[in-house]
Protein chains: 2
Amino acid sequence: MVDDMRAMWFCQSMSEDLDTIFAALADPTRRAILAMLLEDDMAVTDVAEPFEMSLAAISKHLTILTRAGLISQEKRGRVKWCKLEPDAMRAASVWMQGFGQFEPVNLDAFERFLETELPGGKS
Amino acid sequence: MVDDMRAMWFCQSMSEDLDTIFAALADPTRRAILAMLLEDDMAVTDVAEPFEMSLAAISKHLTILTRAGLISQEKRGRVKWCKLEPDAMRAASVWMQGFGQFEPVNLDAFERFLETELPGGKS
DNA sequence: AGCATATTCAACCAAATGGTTGACGATATG
DNA sequence: CATATCGTCAACCATTTGGTTGAATATGCT
């Protein structure tokens, strides 16, 4: 019963939201934008500044992040301010946590994962 | 939190992995497969059975999940067994937790791990 | 050997993604 | 008013994605 309920929850609940949230997080530019917004709210132009990419492209990325609920945008004057909305990530995080709960936090395994990333490890 | 330099290294170094992990999680079919594998290891054909989609399509999905490190595949006889590998997801989860203190997770343990194992704290 | 089962490969296709450029509406400022 | 700035829109393009089908490979069974 518990298993059935959990399976149902995993399969159906928030599936569309998870689609858009994970898809939004899958792009390194968008993740970088989120990290920038962690420091402070920013105008669209300022978000775009460090990237070697057109303003229009950044604007599209911001739209995707907004639709995923990961940020919000508020226009004040001619400036549109972007604000991080960390709650949207909660749904995805909770979903992912479901895959670790049956096991206590396996730091050793995570360490093994990191070993492959250390300079001189993999690649 | 941890030292900024190390945090930056961590984000940079894992960027490609996060690309593939989040992209893999962005598809509902693949998330459903992961949920199925939460119950038990499964053969490719059995994974494919509940889906209204060709076996080849499921095989591709499983390849994507494998490359993201979210599952592993072991061939025994003519049957290829698929096994959930939650560690990759944990890495993504750790990344997400930088954006909010919403999950009760292991950040302390992770921080201790970073302090002792990463360049600067390492030999 | 001969046949059935398990899985992948290869070629193809439609749709989505991530980028560009140029024009445009809206807002601030001299 | 005139002009500069902020941001989006529209059209376009190349690449990736998610699916199909049919053939191919590998293993197991009698």
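Order of the sequence lines fixes the chain letters, A, B, ..., with proteins taken first and strands second; residue numbering starts at 1 for each chain. Side chains included, hydrogens not; waters and symmetry mates left out as well; all remaining heavy atoms used. All values reported here derive from a predicted model rather than from experimental measurement.
Within the 4.0 angstrom heavy-atom criterion, only backbone atoms of the sugar-phosphate kind lie near A:Arg30; the bases stay farther away.
Atom CH2 of B:Trp81 and atom C1' of D:dT27 are 15 Å apart (whole Å). Nucleotide C:dT7 holds its P atom 12 Å from the CD1 atom of B:Ile71, rounded to whole Å. Atom-to-atom, NZ of A:Lys60 to P of C:dT21 comes out at 12 Å; the value is rounded to the nearest Å. D:dG28 atom C1' lies 18 Å from atom NZ of B:Lys80, rounded to whole Å. Going from atom CG of B:Leu55 over to atom C1' of C:dT8 covers 9 Å, rounded to whole Å. One can place CD of A:Glu49 at 16 Å from C1' of D:dG7, the figure rounded to the nearest angstrom. Atom P of nucleotide D:dT8 and atom CD of A:Glu74 are separated by 14 Å, given to the nearest angstrom. The interatomic distance linking B:Leu62 (CG) with C:dC9 (C1') rounds to 15 Å, in whole Å.
A:Val44 and A:Phe51 end up in the same hydrophobic cluster when Ile, Leu, Val, Met, Phe, Trp and Tyr side chains are linked at under 4.5 Å. A single hydrophobic cluster is seen to contain both A:Trp95 and B:Leu38, as judged by linkage of ILVMFWY side chains at heavy-atom distances under 4.5 Å, directly or through other members. A:Val47 and A:Leu55 fall within a single hydrophobic cluster, where Ile, Leu, Val, Met, Phe, Trp and Tyr side chains are chained together by heavy-atom contacts under 4.5 Å. Taken together through direct or relayed side-chain contacts under 4.5 Å among Ile, Leu, Val, Met, Phe, Trp and Tyr, A:Ile64 and B:Ile21 form parts of separate hydrophobic clusters.
Taking the side chain of B:Lys75 as heavy atoms from C-beta on, and the options D:dA26, D:dG19, C:dT8, the nearest nucleotide is D:dA26. Checking C:dC9, D:dG19, C:dT7 against the side-chain heavy atoms of B:His61 singles out D:dG19 as nearest. Of the candidate nucleotides D:dG18, C:dG19, C:dA6, C:dG19 has the atom nearest to the side chain of A:Met53. Here the side chain of B:Asp27 is nearest to one of C:dT7, D:dG18, C:dG18, namely D:dG18. For B:Val79, taking side-chain heavy atoms from C-beta onward, the closest of the listed nucleotides C:dT8, C:dT7, D:dG19 is C:dT7.
In plain terms, the two heavy atoms of B:Met36 and B:Pro50 that are nearest each other are CE-CG, 3.7 Å.
Both A:Ile64 and B:Ala43 sit near DNA chain C, but only B:Ala43 has its closest nucleotide nearer the 5' end. When each of B:Val44 and A:Glu52 is assigned the nucleotide of DNA chain C bearing its nearest heavy atom, the one mapping closer to the 5' terminus is B:Val44.
Interface remark: the B:Arg78 side chain does not form any donor-acceptor pair with the C:dT7 base, using a distance-only criterion of under 3.5 Å.
Here A:Ser54 does not reach the OP1 or OP2 of C:dG19: none of its side-chain N or O atoms lies under 4.0 Å away.
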